[in-house]
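Residue numbers start at 1 and run along the sequence shown.
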Amino acid sequence: MDIRPLRTEADYLAALAEISPMFDSEPEPGTPEGDRFEVMVTLIEAYERQHYPVAPPDPIEAIKFRMEQAGMSVADLKPYIGPPNRVYEVLSRRRGLSLAMIRRLHDGLGISADALIAPVRGGESRPPVA
């Protein structure tokens, strides 16, 4: 098995070209082809993490996305954020998320804590309210 680290964009593209056809019919795990596929996927993922990092989504956009997914209204966020006026303040970026809000949104709605603690884009850059 002649496998080398992916150091350049050309190495990365060649690795993608090599394993792309295998996604239609993945080789059996434990076979030489399956082992090669698994190692190549690991190398490609490592290269992508290093060269194409994905930033967590904006916290407010994450909340709005979950609201849309679940068909929720502002009133439905009351248990997680507080009274409707506070929900509007958060959604309009005039108020930061408190640690308690982050915990309730994460636990209750399953929104990633990483997304909720990320800096809010386009709003005031003040710390969350405790």
Set of residues satisfying ring-ring contact (aromatic ring centres under 6.0 Å, His included) with respect to Tyr47, sequence neighbours excluded: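 Scan of Tyr47 (ring-ring contact (aromatic ring centres under 6.0 Å, His included), adjacent residues dropped) gives Tyr12, His51.
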Worked verdict on Val39 versus Leu43 for side-chain contact (heavy atoms from CB on, under 4.5 Å): CA-CA 6 Å; Val39 170; Leu43 288 171; 4.2 Å; yes
Tell me whether Ser25 contacts the main-chain N or O of Met22 through its side chain, where contact means a donor paired with an acceptor under 3.5 Å.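 Not confirmed, Ser25 side chain does not pair with Met22 backbone.
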For the pair Arg66 (side chain) and Leu109 (backbone), establish whether a donor and an acceptor sit closer than 3.5 Å, ignoring hydrogens and angles.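 Side chain of Arg66 to backbone of Leu109: a pair is present.
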If we only count heavy atoms from C-beta on, is the [X] to [Y] side-chain gap below 4.5 Å?
X      : Y      : answer
Arg86  : Arg95  : yes
Ile63  : Leu97  : yes
Val87  : Lys78  : no
Tyr80  : Met101 : no
Met67  : Leu91  : yes
Ile111 : His106 : no

Could you list the residues that satisfy side-chain contact (heavy atoms from CB on, under 4.5 Å) with Ser73, not counting sequence neighbours?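 In terms of side-chain contact (heavy atoms from CB on, under 4.5 Å), with neighbours along the sequence ignored, Ser73 is linked to Ala75, Asp76.
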Would Tyr52 and Val41 show up in the same hydrophobic cluster when neighbours are defined by side-chain heavy atoms closer than 4.5 Å?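 Tyr52 clusters together with Val41.
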